[in-house]
Amino acid sequence: MVDPSYKGKQYPPYEFTIERGKLREFLLAIDEQNPAYQSEDAPVPPTFPTVFTFWGGANLEARLGEMGVDMVNVLHGEQEYEYFAPIRVGDTVTGQTRINDIYERKGSSGSMQFIEFITEYSNQSGALVLIDRALIIVRG
Amino acid sequence: MAVYFEDLQEGSELPAMVKGPISQVQLVRYAGASGDFNPIHTVPDIAKMVGLPGTIAHGMLIMAVAGQFLTDWAGVAALRRFKVRFSGMTQPTEYLVCEGTVTRLEEADTEGLVHGRLTIKGKQDGSLKIKGEFTVAVPRRI
């Protein structure tokens with residue numbers, strides 16, 4: 001049972017600098033061969049921001065652990081990105097995450113809890129580049 | 001080949017894309033690349049222990065496939081909004097079929113906004129993996 005008082009919690013900001021090698025590793029993993037991603041100031045593919053979360057220091061496992069939730073019992077329910085400006089190799093983004101909502105739904109297989117994380121990313125010039133909304137489902 | 005606003009209408013279909021097979025090695029690769037080391041994606045014994053049939057693909061890997069489907073069509077700088085709901089699990093050996101439809105066109109000054117929805121289904125059993133919505137900006141001919 002997730003403590004609903006975590007709703008509204010703000011996490012400390014974290015930074016991530018986009019390196020070409022990291023982009024290449026990600027492209028290989030998703031089997032993406034579009035030559036547009038090969039230049040020195042290449043844009044990143046649409047779901048690359050997931051790398052900001054996990055490698056930028058937003059430790060999801062720790063965030064969930066703090067709420068008493070084991071990572072192996074969660075599923076990713078929904079993911080949304082809103083893109084406001086290009087994000088390219090060489091950029092440094094700063095992410096600021098908050099818990100926008102925590103709620104419960106009863107389904108056929110018992111009740112499930114939902115945690116909605118919203119992260120706003122700005123770039124090195126201070127411009128808002130991306131809003132990331134992730135809905136996490138806690139099973140059982 | 002570029003997509004132009006004038007070439008699209010409500011109901012236009014995106015060129016379908018088939019991707020796969022997803023492999024266990026790819027899940028290990030994706031874990032490292034993304035930084036999502038949840039063992040349900042990489043360690044079969046742990047996946048089974050929590051009631052899964054075996055390792056399952058990261059939802060974000062399947063969303064990445066959907067992203068490629070969109071950028072192959074509209075270009076790598078076109079996306080303005082991209083939302084998916086993860087509906088079903090994907091297991092290694094599965095092939096994925098991406099399909100999409102334009103639902104609404106919105107005129108802007110030098111570009112047009114194209115709204116649409118997409119699905120990814122398993123090729124073998126037709127099971128729904130993700131269902132999504134998107135908005136892309138495409139150039140106008142004028």
Side-chain angles (χ1 to χ4, degrees), chain A residues 16 21-37 39 42-61 64 70-88 109 130-137 139-140, chain B residues 19-23 25-41 43 46-47 49-52 56 58-72 74-89 96 130-137:
Chain A
F16 186 83
K22 189 66 196 170
L23 173 59
R24 193 167 295 164
E25 182 190 6
F26 187 82
L27 294 170
L28 283 168
I30 65 172
D31 186 28
E32 169 60 90
Q33 288 153 27
N34 191 331
Y37 295 120
S39 67
V44 299
T47 63
F48 188 81
T50 194
V51 175
F52 308 160
T53 313
F54 285 106
W55 284 114
N59 188 333
L60 184 66
E61 192 169 0
L64 292 169
D70 189 333
M71 184 96 159
V72 298
N73 291 319
V74 304
L75 293 172
H76 199 166
E78 292 178 12
Q79 178 65 43
E80 177 175 12
Y81 293 117
E82 263 186 279
Y83 308 92
F84 299 100
I87 303 173
R88 298 179 179 283
S109 55
L130 177 79
I131 296 179
D132 168 332
R133 293 187 189 83
L135 188 65
I136 301 297
I137 303 175
R139 303 190 299 160
Chain B
K19 194 85 179 170
I22 298 296
S23 72
V25 169
Q26 186 178 14
L27 302 189
V28 173
R29 241 180 211 280
Y30 187 80
S34 69
D36 181 351
F37 291 102
N38 189 332
I40 64 170
H41 305 301
V43 185
I46 293 181
M49 214 160 63
V50 297
L52 296 168
I56 59 169
H58 302 73
M60 288 305 297
L61 172 57
I62 311 304
M63 187 177 184
V65 171
Q68 185 183 348
F69 171 59
L70 294 175
T71 53
D72 278 0
V76 297
L79 259 180
R80 296 293 179 268
R81 181 174 168 267
F82 184 21
K83 179 182 184 180
V84 305
R85 169 174 289 189
F86 301 101
S87 304
M89 299 180 290
L96 302 168
I130 67 176
K131 207 173 161 174
E133 298 164 17
F134 62 84
T135 301
V136 294

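Values below: all heavy atoms of this structure, side chains included; hydrogens, waters and symmetry mates excluded. Chain identifiers are assigned alphabetically (A, B, ...) following the order of the sequence lines, protein sequences preceding nucleic acid strands; residue numbering begins at 1 within each chain.
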Novice: What part of Asn34(A) gets within 4.5 angstrom of chain B, counting heavy atoms only: side chain, backbone, both, or neither?
Specialist: side chain
Novice: Tell me the closest heavy-atom pair linking Asn38(B) and Met71(A), and the distance in Å.
Specialist: ND2-O, 2.9 Å
Novice: Taking every heavy-atom pair that is under 4.5 Å apart, which of Phe52(A), Tyr37(A), Phe48(A) has the most such pairs with chain B?
Specialist: Tyr37(A)
Novice: Please look at Phe37(B) and chain A and tell me whether the side chain, the backbone, both or neither of the residue comes under 4.5 angstrom of a heavy atom of that chain.
Specialist: side chain
Novice: Which pair of heavy atoms, one from His58(B) and one from Leu27(B), lies closest together, and at what distance?
Specialist: CE1-O, 3.4 Å
Novice: For the residue pair Ile30(A) and Lys19(B), what are the closest heavy atoms and their distance?
Specialist: O-CE, 3.9 Å
Novice: Given that the side chain runs from C-beta out, which part of Ala64(B) has a heavy atom under 4.5 Å from chain A: side chain, backbone, both or neither?
Specialist: both
Novice: Heavy-atom pairs under 4.5 Å with chain B - which of His76(A), Lys22(A), Glu61(A), Glu82(A) has more of them than the others?
Specialist: His76(A)
Novice: With respect to Glu133(B), which candidate in Arg85(B), Arg81(B), Lys83(B) satisfies the salt bridge (charged side-chain N to carboxylate O under 4.0 Å, His left out) definition?
Specialist: Arg81(B)
Novice: Using every non-hydrogen atom in the two residues, find where His41(B) and Ile56(B) come nearest and quote the distance to one decimal.
Specialist: ND1-O, 2.7 Å
Novice: Using every non-hydrogen atom in the two residues, find where Ala36(A) and Pro43(A) come nearest and quote the distance to one decimal.
Specialist: O-CD, 3.6 Å
Novice: Select one option (side chain, backbone, both, neither) describing which atoms of Leu61(B) are under 4.5 Å from chain A's heavy atoms.
Specialist: side chain
Novice: Kindly give the heavy-atom pair with the smallest separation between Pro45(A) and Leu23(A), and that separation in Å.
Specialist: CD-CD1, 3.5 Å
Novice: Heavy-atom cut-off 4.5 Å, strictly under: side chain, backbone, both or neither for Ile46(B) against chain A?
Specialist: side chain
Novice: Can you say whether Val84(B) sits under 4.5 Å from chain A via the side chain, the backbone, both, or neither, judging by heavy atoms?
Specialist: both
Novice: Name the member of Phe26(A), Phe84(A), Tyr83(A) that forms the most heavy-atom pairs with chain B at distances under 4.5 Å.
Specialist: Tyr83(A)
